[in-house]
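Protein chains get the first letters and strands the later ones, always in sequence-line order, with residue 1 at the start of each. The shown structure was predicted, so the numbers you read here are calculated from the model rather than taken from an experiment.
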Number of protein chains: 2
Amino acid sequence: MKEAKQRSTCPVSTSLDLLGDKWTLLIIRDLVFGGKSTYGEFLQSAEKIATNILADRLTLLETQGMLTKVVAPDKKSKFIYRLTEKGIDTVPILVTLLLWGVKHGPTVIDPGLLKEIQTEPAAAIEKYQRLVREKALLPLE
Amino acid sequence: MKEAKQRSTCPVSTSLDLLGDKWTLLIIRDLVFGGKSTYGEFLQSAEKIATNILADRLTLLETQGMLTKVVAPDKKSKFIYRLTEKGIDTVPILVTLLLWGVKHGPTVIDPGLLKEIQTEPAAAIEKYQRLVREKALLPLE
DNA sequence: ATATTTACTTGCAATTTGCAAGTCAAAGGT
DNA sequence: ACCTTTGACTTGCAAATTGCAAGTAAATAT
């Protein structure tokens with residue numbers, strides 16, 4: 001599993017030490033914008049993450065305090081993953097990546113969401129952070 | 001070299017297709033905040049990128065239109081790398097990564113720069129984008 | 001002429017990724 | 001009770017990527 005070493009004291013570098021790969025931020029995207037919260041749901045995303053990579057990243061994110069794992073109230077064999085405040089703090093990163101992707105790549109995105117994020121990025125960030133925070137407090141799905 | 005495929009049409013995903021690794025954004029950081037612009041200067045950064053990885057990422061960034069390569073006016077054996085507008089558009093990503101790193105990791109950063117970025121992120125982003133843009137128009141160093 | 005600088009390449013070993021298949025406990029169906 | 005399905009992982013291995021260390025080659029410098 002690994003992935004612990006800090007390459008330097010630069011804050012950009014330390015962020016990339018944890019978030020700088022092709023999958024980690026996609027899992028967080030699914031949690032924030034995809035309404036997903038279980039292993040099986042993450043597997044279904046369009047990018048088709050491999051099962052071993054997903055398991056690796058989930059335990060990594062958990063050990064790094066980005067998310068918590070809890071058994072589903074309706075099913076003891078199911079787990080629900082929720083972002084911690086540390087994880088919720090990555091929403092601005094997701095949003096800036098989204099805006100750059102929209103501008104420079106061939107992408108498809110819900111027009112309503114795009115307009116919301118483009119016109120008032122700061123407000124949109126706060127809104128989705130609030131939504132995911134509230135969801136974490138619900139009586140569990 | 002590789003690195004071309006688009007995994008999905010999600011803008012977050014397409015951004016990560018190009019920027020989602022441990023080194024690419026560090027090179028851009030050096031260009032924006034480090035005042036660096038040559039192969040040798042990138043090699044000197046604290047994270048100690050390997051020479052083959054650096055060469056790979058530079059050609060990748062060049063083919064993707066993120067930066068341009070031009071011979072130095074004073075030395076024909078030296079090249080100067082400059083960000084394109086597409087590359088300059090990644091500054092908001094760098095800044096959000098920086099702010100997350102400052103908040104959640106043990107990092108060291110110039111207090112003046114930090115205060116500037118923390119109090120008025122949008123203004124700071126515009127300022128550094130302008131600075132790197134102006135530098136690209138200078139009579140070359 | 002010789003040495004040094006600058007920008008890479010090349011040759012592996014080690015690590016990481018990506019499939020495909022297998023395991024295992026808990027639910028659900030009959 | 002027994003069999004099937006669901007959900008969450010593990011395991012085995014080939015392929016791709018990364019990380020050293022060393023080597024190449026064209027310009028400059030001495």
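- The side chain of A:R57 sits closest to C:dT17 out of D:dC20, C:dT17, C:dC19.
- Within the 4.0 Å cut-off from OP1 or OP2 of C:dC8, at least one side-chain nitrogen or oxygen of B:Y81 is found.
- Across the helix from C:dA1-D:dT30 to C:dT30-D:dA1, the helix axis at one end is tilted relative to the axis at the other end by 10° (nearest 10 degrees, each axis from five pairs).
- Remark: B:T90 engages no residue in a side chain to side chain donor-acceptor pair (under 3.5 Å) (not counting sequence neighbours).
- With sequence neighbours excluded, the residues satisfying ring-ring contact (aromatic ring centres under 6.0 Å, His included) with B:F33 are B:Y128.
- Contacts of A:S45 classified as side chain to side chain donor-acceptor pair (under 3.5 Å), with partners at least two apart in sequence or in another chain: A:D30, A:K36.
- Distance, B:F79 CZ to D:dA27 C1': 10 Å, rounded to whole Å.
- As a whole-Å value, the separation of A:L43 CG from D:dG7 P is 11 Å.
- Between A:K69 and the phosphate of D:dC9, there is a side-chain N or O to OP1/OP2 separation shorter than 4.0 Å.
- The side chain to side chain donor-acceptor pair (under 3.5 Å) test applied to A:T68 returns no partner, not counting sequence neighbours.
- With rounding to whole Å, A:F42 atom CZ is found 11 Å from D:dC9 atom P.
- Taking for each of B:I53 and A:L58 the nucleotide of DNA chain D with the nearest heavy atom, the 5'-most of the two is the partner of A:L58.
- Cluster annotation: B:L113 is not connected to B:V108 through the hydrophobic network of ILVMFWY side chains, with a link wherever side-chain heavy atoms come within less than 4.5 Å.
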Assess the residue pair B:E120 and B:K127 against the criterion (salt bridge (Lys or Arg N to Asp or Glu O under 4.0 Å)); give the C-alpha distance rounded to whole Å, side-chain angles, the decisive distance to 0.1 Å, and a yes or no.
CA-CA 11 Å; B:E120 289 290 349; B:K127 173 184 167 185; over 6 Å; no
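- With rounding to whole Å, A:I49 atom CD1 is found 14 Å from D:dT10 atom P.
- Nucleotide C:dT17 holds its C1' atom 13 Å from the NZ atom of B:K22, rounded to whole Å.
- Annotation: salt bridge (charged side-chain N to carboxylate O under 4.0 Å, His left out) contacts of B:K75 (sequence neighbours excluded): none.
- A search for salt bridge (charged side-chain N to carboxylate O under 4.0 Å, His left out) contacts involving A:K115 returns nothing, not counting sequence neighbours.
- Atom pair B:D56:CG and D:dT18:P shows a separation of 7 Å (rounding to whole Å applied).
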Just by protein heavy atoms under 4.0 Å, how would nucleotides 20-29 of chain C read 5' to 3' in B, S and -?
BB----SS--
Let me see the working for A:I49 and A:L43 under side chain to side chain contact (heavy atoms under 4.5 Å, CB included), right down to the final yes or no.
CA-CA 6 Å; A:I49 187 171; A:L43 279 184; 4.1 Å; yes
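- Nearest to the side chain of B:A55, among D:dA8, D:dC20, C:dC8, sits C:dC8.
- Under 4.0 angstrom from either OP1 or OP2 of D:dT17 there lies no side-chain N or O belonging to B:W23.
- For B:K103, the salt bridge (charged side-chain N to carboxylate O under 4.0 Å, His left out) partners at least two apart in sequence or on another chain are A:D89.
- With rounding to whole Å, A:L54 atom CG is found 18 Å from C:dT16 atom P.
- Taking atom CD1 of A:I80 as the reference point, atom P of D:dC9 lies 13 Å away to the nearest angstrom.
- Dashed line: the shortest gap from a side-chain N or O of B:R7 to OP1 or OP2 of C:dT17 is not under 4.0 Å.
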